[in-house]
Each structure stands twice: as C-alpha cells, then as structure tokens.
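Single-structure report; data block below.
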Amino acid sequence: MATLPFPIADAPDPDAAERGRILFAGETDFLKGVVAMSGLPEADRIEVCFAGRSNVGKSTLINALTGRKALARASNTPGRTQEVNFFTLADSHYLVDLPGYGYANAPLPVVEKWQALLKRYLAGRQNLRRAFVLIDTRHGVKPVDHEIMSLLDSAAVTFQVVLTKADKLRGTALDEILAQVRGEIARHPAAFPEMILTSSEKGDGIATLRATIADLV
C-alpha cells in the first residue's frame, strides 16, 4: 500500500509526551506585542510561531496548549490584531502569535503593514525553528493560505500544517478535506512532511503538538 504524502502525525511515545507536558507545565506569560523589527525580544531561545486565517482558532489552540484559558486573549483586543505577539514558555521557548490574515474588512494599508512586518520577521529571525500554519478542517486550504506558505518558502522557514477544529468532521468528509490539504501543501517546498490534527475543544492532538515543540532544538 502506498504511503500517503503528509500523513497525520502519530501520538507521541510516552517519553516525548512527558517532555511536552513538562515544557508546557512551566510558566507561560504574555511578553509583548511587536509592531516593528526593532521591538523584537532577544533571539536567545527556541522560537515557534503560529499563523492562520482570522477565526481559524489560533488563540484557542495556544490557550489549549498552555492550559491557560485567557492567555492569548490579548491578541484579540483592539490594537493587538496588528502585532506579532510574544509569549514566554518556561525559560527556553517563545511562542509567537502572528497576526491573523485574510480578514476582508482590514484596510489595505493595514494589510500591507502586516505583510511587510511578517516578511521581515520570517526572513530575519535566526532562532525561529518552525512555523505552524493553522488550517480550519471544515474549509481546507484557501488561496490566502498560499500567501503565507509562499512567504515561508521564500524565507526558508519550515512550516507544519496544524488542522484545527478536527472534531467537526468525520469519515468521508474529513478524508476529502485531508486530500485537498495534502494536494495544496505539496506545492510548497518548506512544508514539513507531517500534519497534526487537533481539536482544542476535545483536546485531540494537543499532546502531539506539545511534544513536537518540546523536541525542536
């Protein structure tokens, strides 16, 4: 039987799961929102970033990972939606919440500002180990998702697709979306060869994503 491209990542083994649990059991705090490269914190720890369309469930996923229900709420308050938001994870990692993209009502100058900041951040952050591109399982990859994936390709930043709200689909409907996503991300050389299927509501895939982040060096 042929192996599917971009398979769903397996659940972590007990040791990997424990490393992820320990990492995310540590102190997690909102550090700052950044609107220019000059505001970035020191690149002195492992960094992972989260990108996704508006309403993809990014804040909810970050809260589920950290076990802090209101941690990422700051990125949804007025003014913060245009910022790159940094969270400290233990004393070894930064979690970075990138501005949601694809929000149709955003003025063009705002969108251009986001894009310029994202390009500079992605191209110039040497401690960035991986980007997690969130895709809503109900909708699959949209044209706007290719824009951020292409930015990651050009910046040579490995990105891994994380499917959110996976509890909303089952059976054939889920298989069809997974096939669509696999076909779309195959166009991008920076795509990591596994996807992670998650449900923040049910807790599915959270241990896998925690372990993945904990094992990045």
Side-chain angles (χ1 to χ4, degrees), residues 6 9 30-59 61-62 65-66 72 74-76 79-89 92-103 106-136 141-164 181 184-196 198 209 212-217:
F6 301 100
F30 176 70
L31 178 65
K32 65 189 304 188
V34 173
V35 295
M37 290 292 287
S38 59
L40 292 176
E42 289 290 328
D44 58 357
R45 58 179 71 190
I46 292 170
E47 192 162 301
V48 298
C49 67
F50 296 84
R53 298 193 306 271
S54 299
N55 301 318
V56 76
K58 187 152 48 69
S59 295
L61 180 66
I62 291 172
L65 282 170
T66 59
S75 62
N76 289 332
R80 286 247 169 89
T81 54
Q82 299 174 35
E83 300 178 354
V84 176
N85 291 298
F86 281 78
F87 302 89
T88 56
L89 177 61
S92 58
H93 289 65
Y94 286 128
L95 301 179
V96 184
D97 185 5
L98 299 180
Y101 55 83
Y103 184 57
L108 182 59
V110 170
V111 173
E112 290 175 342
K113 182 180 178 182
W114 290 352
Q115 290 176 339
L117 177 59
L118 286 177
K119 287 178 182 177
R120 289 194 294 269
Y121 166 73
L122 294 172
R125 195 66 172 167
Q126 68 270 25
N127 60 324
L128 179 61
R129 292 294 178 267
R130 188 167 300 173
F132 295 100
V133 176
L134 276 54
I135 301 296
D136 189 323
V141 175
K142 299 292 187 182
V144 70
D145 294 311
H146 285 296
E147 295 178 20
I148 190 72
M149 293 177 189
S150 294
L151 276 179
L152 291 158
D153 290 338
S154 62
V157 173
T158 299
F159 70 85
Q160 187 165 10
V161 165
V162 175
L163 290 148
T164 63
V181 173
E184 295 296 320
I185 64 177
R187 298 160 51 183
H188 295 278
F192 187 78
E194 281 186 339
M195 302 186 293
I196 300 177
T198 68
L209 186 49
T212 299
I213 294 170
D215 284 346
L216 292 172
V217 295

Query - Spacing of L61 atom CG and F132 atom CZ [to the nearest 0.5 Å] - result: 9.5 Å

Report task. Mind listing the closest non-hydrogen atom pair of G100 and S54 along with its distance? Result -> C-OG, 3.9 Å

Query raised in the report: According to the interplanar angle, ranging from 0 to 90°, do the rings of F86 and Y94 count as parallel (below 30°), tilted (30 to 60°) or perpendicular (above 60°)?
Result: perpendicular

**Report entry** Sub-4.5 Å side-chain heavy-atom contact between I185 and M195
**Finding:** yes

Query raised in the report: If every non-hydrogen atom of A9 is compared with every non-hydrogen atom of E194, which pair is closest and at what distance?
Result: CB-OE1, 3.6 Å

Query raised in the report: So does K58 pair up with D97, basic N to acidic O under 4.0 Å?
Result: yes

**Report entry** Polar side chain donor-acceptor pair, N127 to R125, under 3.5 angstrom
**Finding:** yes

Requested in this report: Working to the nearest 0.5 Å, report the span between CG of D153 and CG of L122.
Outcome: 11.0 Å

**Report entry** F6 vs V161 side-chain heavy atoms within contact, under 4.5 Å
**Finding:** no

Report task. With rounding to the nearest 0.5 Å, note down the distance linking CG in N85 to CG in L95. Result -> 11.5 Å

Query - Heavy-atom side-chain contact between R45 and T88 under 4.5 Å - result: yes

Query raised in the report: Quick one: does F50's side chain get under 4.5 Å of L65's, heavy atoms only?
Result: yes

Query raised in the report: With side chains defined as the heavy atoms from C-beta onward, is the minimum distance between Y121 and L128 less than 4.5 Å?
Result: yes

Query raised in the report: Does a side-chain heavy-atom distance below 4.5 Å link E184 with K142?
Result: no

Requested in this report: Measure the CG-CD distance between L209 and Q160 for me, rounded to the nearest 0.5 Å.
Outcome: 7.5 Å

Query raised in the report: How long is the gap from CG on L134 to CD1 on I196, to the nearest 0.5 Å?
Result: 10.0 Å

